[in-house]
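Whatever order the structure lists ligands and atoms in, that order sets their numbers, starting from 1.
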Amino acid sequence: MPVLEVKKLQQIFEQGTPNENHALKSIDLSLNEGDFMVIIGGNGAGKSTLLNSIAGSLPVSRGQIKINSQNVTYQNVAKRSRLISRVFQDPKSGTAPLLTVEENLSLALHRVEWRNFWRTGVKKSDQALFREKLAQLGLGLEDRLTTEIGLLSGGQRQAITLLMATIETPSLLLLDEHTAALDPKTSATVMELTDKLVKAQNITTLMITHNMDDAIKYGNRLIMLDHGQIAVELNAAEKKGMTVPKLMQLFKERSGKELNNDAMLLG
Ligand SMILES: Nc1ncnc2c1ncn2[C@@H]1O[C@H](COP(=O)(O)OP(=O)(O)OP(=O)(O)O)[C@@H](O)[C@H]1O
Ligand SMILES: [Mg+2]
């Protein structure tokens, strides 16, 4: 039974106006439990639109989205967030800066009963768990439970955001260029960490990246989007033997043009 099924998904912006934009044109996707799919593509190809549609932060124009066989196409973001965790590019977006490390983790762990949090604060019984989880990051954060998150570096914050997103195993993890704002070394650390957490908990994951090396190195499946369509799709076996030049060549053959992504060229 697939964890995620996307059927004939279309996303049309400004429909009926001269600016009508078919950002997604009939996308079909199916992810089984533990699949780690990487998404790459040029600027404006529709990568973020796809993740936003799956998360429910964009109403779908046409098509269907199922998670765990449940039709969530018309479910709001809040309801879907019980199944989905997300991490975005901006390290500031995933954590509350004025709350401490343990308060942020506590909110993530008890998000269903967050109202109680303000009365009870961080449970003593959770602190050991947080310390253990933080120690696994290998960033020395286990000694900083009571530090305000806003005082940490971007990489440290992004690592904690990732921990928060996975502290209760989500049905689906959506990562939208979550290492793009970090320096290369920190980005590599957070990518390694992502891979470790995803594998340890067998989390079904969709990850957008503009880093071609990461796209090839991580995950068991890969798609390349071009103008709202899947131009290239690789399964686990095809992905194993892939190299960056081969992938660029494949994209050129299928789409008739070179891959154009500002971030990619800079990287
Ligand atoms: N909320 C919106 N309203 C109108 N148009 C939008 C909206 N979101 C995205 N678009 C348009 O849809 C297309 C796909 O955008 P999207 O953000 O999904 O691209 P992307 O592949 O994530 O690109 P990038 O690599 O630059 O992040 C673009 O033409 C964009 O301008
Ligand atoms: Mg994007």
Side-chain angles (χ1 to χ4, degrees), residues 4 6 8-29 31 36-63 65 73-77 80 84-94 154 158 161-162 165 172-182 184 187 190-191 194 205-216 218-219 221-234 244 247-248 250-252 254-267:
L4 173 71
V6 173
K8 295 192 168 43
L9 178 66
Q10 289 189 45
Q11 208 53 270
I12 308 165
F13 293 118
E14 303 187 62
Q15 193 164 13
T17 76
N19 294 326
E20 183 166 305
N21 179 357
H22 291 243
L24 294 177
K25 302 166 185 158
S26 203
I27 298 284
D28 287 309
L29 266 187
L31 262 66
F36 182 172
M37 178 176 266
V38 178
I39 305 171
I40 51 180
N43 294 118
K47 305 180 296 293
S48 296
T49 301
L50 176 60
L51 260 56
N52 290 336
S53 307
I54 292 168
S57 48
L58 262 181
V60 162
S61 302
R62 271 180 224 138
I65 299 166
T73 316
Y74 302 106
Q75 235 180 40
N76 63 32
V77 187
R80 260 186 255 193
I84 300 174
S85 285
R86 309 181 76 180
V87 183
F88 297 93
Q89 184 170 336
D90 182 358
K92 293 195 177 75
S93 73
Q158 206 63 333
T161 304
L162 207 52
L172 191 62
L173 177 64
L174 304 177
L175 308 169
D176 191 344
E177 304 209 34
H178 72 302
T179 65
L182 307 174
S187 165
V190 173
M191 239 348 284
T194 304
T205 302
L206 272 168
M207 177 179 84
I208 300 173
T209 181
H210 63 248
N211 184 318
M212 296 293 276
D213 292 319
D214 285 350
I216 284 171
Y218 297 103
R221 296 174 61 187
L222 182 146
I223 57 171
M224 284 183 98
L225 284 184
D226 176 48
H227 283 97
Q229 286 175 307
I230 297 175
V232 176
E233 177 156 12
L234 305 179
V244 175
L247 194 53
M248 301 301 261
L250 208 52
F251 181 79
K252 199 174 165 182
R254 303 275 170 87
S255 70
K257 58 181 171 293
E258 306 280 349
L259 183 63
N260 169 29
N261 182 311
D262 297 339
M264 239 175 238
L265 295 174
L266 289 172

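For K257, the salt bridge (Lys or Arg N to Asp or Glu O under 4.0 Å) partners at least two apart in sequence or on another chain are D226. E20 pairs by the salt bridge (Lys or Arg N to Asp or Glu O under 4.0 Å) definition with nothing, not counting sequence neighbours.
Within 4.0 Å of ligand 1, protein heavy atoms belong to F13, N21, A23, G42, N43, G44, A45, G46, K47, S48, T49, E177, N261, listed by chain and number.
A heavy-atom distance below 4.5 Å is not found between the side chains of T179 and N211. Side-chain contact between E233 and R221 is present, with heavy atoms from C-beta onward closer than 4.5 Å. For the pair L175/L162, a side-chain contact is recorded, criterion being any heavy-atom separation below 4.5 Å from C-beta on. Using a 4.5 Å heavy-atom cutoff, the side chains of L50 and L206 are not in contact. Between L234 and L250 the shortest side-chain heavy-atom distance falls below 4.5 Å.
When T49, L24, V77 are each tested for a side-chain contact (heavy atoms from CB on, under 4.5 Å) with L58, only one passes: T49.
More than 12 heavy-atom neighbours from other residues, nucleotides or ligands sit within 6.0 angstrom of NZ on K25.
With waters left out, the protein N, O or S atoms under 2.8 Å from the Mg ion (ligand 2) add up to 1.
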